[in-house]
Amino acid sequence: MSRQPDLVITNAAVVNSFGRQNAHIVVRDGLIVRLLDATEAAPAATRTIDAAGRFVIPGGVDGHCHVAQVTGRFRTLDDYRTTSTAALWGGTTTIIDFGIPRDAQETPLAAVLHKKELTTESRCDVALHGAVISWDETVPWQLEQLAAEGVRSVKMYTTNRGTTMADGDTILKVMREMARLDGLTYIHAEHDPIISDCTEQHAQDGRIGIEHLHRTRPGLAEEISVKETLAMAEYTGAPVYFVHQSTPGAVDLVTEARERGLEAYSETCPHYVTLDDSVYGSKFPEWYACCPPMRDANTVAALKERLASGAIHTVSSDHSCYDLSQKRERTDDVRAMPHGLPGVETRMPVTFTAMTSAGASVEDFVEVFSAAPARINAVPGKGRIAEGYDADLVIFDPAEERTVDGAALHMGTDFSPFDGKALTGWPAVVVSNGSVVLDADGFQDPGAAGRFLHRNGFRQHQSTSTTGVAAPAL
């Protein structure tokens, strides 16, 4: 090498999704330039960190975050500086946010461009999804413009009528366009007529407070919506990705579709494999207001089993940073309160603890935490520790246990749904684009160093993959 490396991590137990090796990791100019066998001498560097045999994994890729999100009269309390800082504290070095129109006047393209402006304060790398609520003749052109901006996925909701819901005609037409543009369709799947009717029935009976949330949004509504959406994906030939799946039945529908050759993917969230619906009978049920809601304990156990077996492809936080004052404004009516949980900082330890307790390997964890989110979302240079990839790295000891203290986290809110839980898999050292941002001395703020990432076309990216992970653009 012509010049001294910026960083060398020595004596690392390097774990990728496809295997592990003992190695020294050599970093220069934000990239991994060499992996040396740990029996070789490590080169001198500006900074050397001895991993001392601890695991080193690729930095996390959180494919489902909501930053500075406006929904109706509520706005999450974070900004990119806050959320990206919390992500780095939690071992996530890339987040993917959504440009969702804030009202009927904002177009999908304008929503994304607005969010792109906000990303300039990010401490970690950022990509974006678009979103379409209603179809008009300008949508194909807008989707083309989004693709030119490196935004290669679009989210649509099958519920939330009157705010973010897209009707069936819109979903089908957008899917056709995304197939044409080599993009990926994201779907929030809950059958709106069932949700609306069930919620209204509970309201008429006076059972509409937060303690009844799990009864107003049954798992059947999710599974029916997944089944309908898969039919549209099969008809249009569009790859489809289902966010925050909360039932094993929904996951099994995707598995069956994949066996028929469909390009379909399941995501879940840490809370769905950790918390059950008994939380709505707890002292603070508002801590758990999210859609879909938590399911019964048997469903949670079966979902965790699907995750450990590889049937679920990614785990994302679905981070939404409301505080308790917002949550408590309307605990009497789930229709009027904001839904969503803070979770970008705790995604790593909650997921690691849940998966390893179910018998999954560290490699399995890396797959859903980093490798698959990068690959499925066509993010170049992420999700793998290999020469030429971005130097996004996390050192951790799998035996170290910490207890969650919601007040001590960094997400810009005043609670965590995992408060008081003992978890393993916390990051000790985090490297983002070659810079050490977290170590024993605490957080080292890199400033607004995060880059906006232009993603590849979906099928283009899959076709260039090596060992299951797409190669970076060099």
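The model shown is predicted, which means the values in this text are computed figures rather than measured ones.
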Item checked: Pairs involving residues 419-442, ordered by first then second residue, that meet salt bridge (Lys or Arg N to Asp or Glu O under 4.0 Å) (sequence neighbours left out) -> R47-D439
Notebook entry, point to check: What is the distance from atom CG of L341 to atom CZ of F415, rounded to the nearest 0.5 Å?
Noted result: 6.0 Å
Next item on the list: For D6, check side chain to side chain donor-acceptor pair (under 3.5 Å) against everything at least two apart and list the hits.
Entry: none
Item checked: Atom pair OG/CD1 of S266 and I376 - distance to nearest 0.5 Å -> 9.5 Å
Margin query: Is there a side-chain contact (heavy atoms from CB on, under 4.5 Å) between R123 and V437? Walk through the geometry before answering.
Written below: CA-CA 9 Å; R123 271 54 186 162; V437 296; over 6 Å; no
Next item on the list: Supply the atom-to-atom distance T10 OG1 to I25 CD1, rounded to the nearest 0.5 angstrom.
Entry: 9.5 Å
Next item on the list: Side-chain contact test, heavy atoms from C-beta onward, threshold under 4.5 Å: evaluate it for M337 versus I210 and give yes or no.
Entry: yes
Notebook entry, point to check: Would you call the rings of W89 and H410 parallel, tilted or perpendicular if under 30° counts as parallel and over 60° as perpendicular?
Noted result: parallel
Check: If you measure from CG on D392 to CG on D125, what distance do you get to the nearest 0.5 Å?
Finding: 6.5 Å
Checklist line | Contact summary for T164 and N160, nearest pair of heavy atoms | finding: OG1-ND2, 3.2 Å
Check: Under 3.5 Å, side chain of D323 to main-chain N/O of Q326, donor-acceptor pair present?
Finding: yes
Next item on the list: Would you sort out whether R455 and S153 count as a side-chain hydrogen bond (donor to acceptor under 3.5 Å, both in side chains), showing the intermediate values?
Entry: CA-CA 9 Å; R455 291 153 58 202; S153 53; 2.9 Å; yes
Notebook entry, point to check: So, the side chain of S225 versus the backbone of A221: is there a donor-acceptor pair under 3.5 Å, distance only?
Noted result: no
Note to self: Tell me whether D318 contacts the main-chain N or O of H244 through its side chain, where contact means a donor paired with an acceptor under 3.5 Å.
What the structure shows: no
Margin query: With side-chain contact (heavy atoms from CB on, under 4.5 Å) as the criterion, how do Y80 and C124 come out once you've worked through the C-alpha distance, each side chain's angles and the decisive distance to 0.1 Å?
Written below: CA-CA 9 Å; Y80 274 97; C124 71; over 6 Å; no
Notebook entry, point to check: Salt bridge or not for R375 and E367, using N-O below 4.0 Å?
Noted result: yes
Next item on the list: Report the residue from V56, I57, V15, I385 that forms a side-chain contact (heavy atoms from CB on, under 4.5 Å) with R20.
Entry: V15
Notebook entry, point to check: Quick one: does T464's side chain have a donor or acceptor within less than 3.5 Å of a partner on H461's backbone?
Noted result: yes
Notebook entry, point to check: Does some side-chain heavy atom of V243 sit less than 4.5 Å from a side-chain heavy atom of T268?
Noted result: no
Next item on the list: For N377 and P373, indicate whether the former's side chain and the latter's backbone hold a donor-acceptor pair under 3.5 Å.
Entry: yes
Checklist line | Over all atoms of both residues, closest heavy-atom pair of F74 and P338 | finding: CZ-CD, 3.5 Å
Margin query: Measuring from atom CD1 of I224 to atom OG1 of T158, what distance do you get when rounded to the nearest 0.5 angstrom?
Written below: 11.5 Å
Checklist line | E267 side chain near Q245 side chain, heavy-atom distance below 4.5 Å | finding: no
Note to self: So which atom in P218 and which in C198 form the shortest heavy-atom distance, rounded to 0.1 Å?
What the structure shows: CD-SG, 4.0 Å
Item checked: Any pair counted as ring-ring contact (aromatic ring centres under 6.0 Å, His included), so long as it reaches residues 347-380, sequence neighbours left out -> F352-F365, F352-F396, F365-F369
Note to self: If we ignore hydrogens and angles and just use 3.5 Å, is the side chain of E223 paired with the main-chain N or O of L220 as donor and acceptor?
What the structure shows: no
Margin query: Could you check whether any side-chain N or O of D79 sits under 3.5 Å from a backbone N or O of T82, counting only pairs where one atom can act as donor and the other as acceptor?
Written below: yes
Item checked: Where at least one partner belongs to residues 296-342, residue pairs that pass ring-ring contact (aromatic ring centres under 6.0 Å, His included), sequence neighbours excluded -> Y265-H313
Next item on the list: Taking only Lys NZ, Arg NE, NH1 and NH2, and the carboxylate oxygens of Asp or Glu, determine whether R295 and E222 approach each other closer than 4.0 Å.
Entry: yes
Check: Is it the case that more than 12 heavy atoms not belonging to R81 sit under 6.0 Å from its CZ atom?
Finding: no
Next item on the list: Can you label the angle between the H66 ring and the H64 ring as parallel, tilted or perpendicular, going by 30° and 60°?
Entry: perpendicular
Note to self: Between Y157 and D192, is the side-chain hydrogen bond (donor to acceptor under 3.5 Å, both in side chains) condition met? List the steps.
What the structure shows: CA-CA 9 Å; Y157 294 77; D192 192 72; over 6 Å; no
Check: Of all heavy-atom pairs between L213 and A289, which one has the smallest distance, and what is that distance?
Finding: CD2-CA, 3.9 Å
Notebook entry, point to check: Is any side-chain heavy atom of F418 closer than 4.5 Å to a side-chain heavy atom of H271?
Noted result: yes
Checklist line | Close side-chain approach of V362 and F55, heavy atoms under 4.5 Å | finding: yes
Notebook entry, point to check: Any side-chain heavy atom of N22 within less than 4.5 Å of one from N11?
Noted result: no
Note to self: Would you say N433 and R451 are linked by a side-chain donor-acceptor pair, where the criterion is simply a distance under 3.5 Å?
What the structure shows: yes
Margin query: One pair to check against side-chain contact (heavy atoms from CB on, under 4.5 Å): S317 and C269. What are the steps and the verdict?
Written below: CA-CA 5 Å; S317 66; C269 303; over 6 Å; no
Item checked: Heavy-atom side-chain proximity of V240 to L262 below 4.5 angstrom -> no
Checklist line | Side chain K327, main chain Y288, donor-acceptor under 3.5 Å | finding: no
Margin query: Quick one: does any side-chain atom of S361 pair with a main-chain N or O of D364 as donor and acceptor, under 3.5 Å?
Written below: yes
Check: Measuring from R258:CZ to E263:CD, what's the distance to the nearest 0.5 Å?
Finding: 8.5 Å
Next item on the list: Write down the atom of T92, the atom of V344, and the distance for their closest heavy-atom approach.
Entry: OG1-O, 4.3 Å
Note to self: Donor-acceptor check, side chain of Q69 to backbone of L77, threshold 3.5 angstrom: yes or no?
What the structure shows: no
Next item on the list: Could you name each residue pair satisfying salt bridge (Lys or Arg N to Asp or Glu O under 4.0 Å) that touches residues 270-291, not counting sequence neighbours?
Entry: E286-R328
Anything under 3.5 Å between a donor and an acceptor, one on a side chain of residues 299-308, the other on a protein residue two or more places apart or in another chain? List them.
from: T299; atom 1: OG1; to: D296; atom 2: OD1; distance (Å): 3.4
from: T299; atom 1: OG1; to: D296; atom 2: OD2; distance (Å): 3.0
from: K304; atom 1: NZ; to: S357; atom 2: OG; distance (Å): 3.4
from: R306; atom 1: NE; to: D252; atom 2: OD1; distance (Å): 2.9
from: R306; atom 1: NH1; to: A302; atom 2: O; distance (Å): 3.3
from: R306; atom 1: NH2; to: D252; atom 2: OD2; distance (Å): 2.9

Next item on the list: Compare every heavy atom of P270 with every heavy atom of S316, then report the nearest pair and how far apart it is.
Entry: O-CD, 3.2 Å
Check: Below 4.5 Å, heavy atoms only, C-beta onward: do M411 and T83 meet side chain to side chain?
Finding: no
Next item on the list: Step by step, work out the side-chain contact (heavy atoms from CB on, under 4.5 Å) result for I49 and L7.
Entry: CA-CA 8 Å; I49 297 174; L7 173 69; 4.0 Å; yes
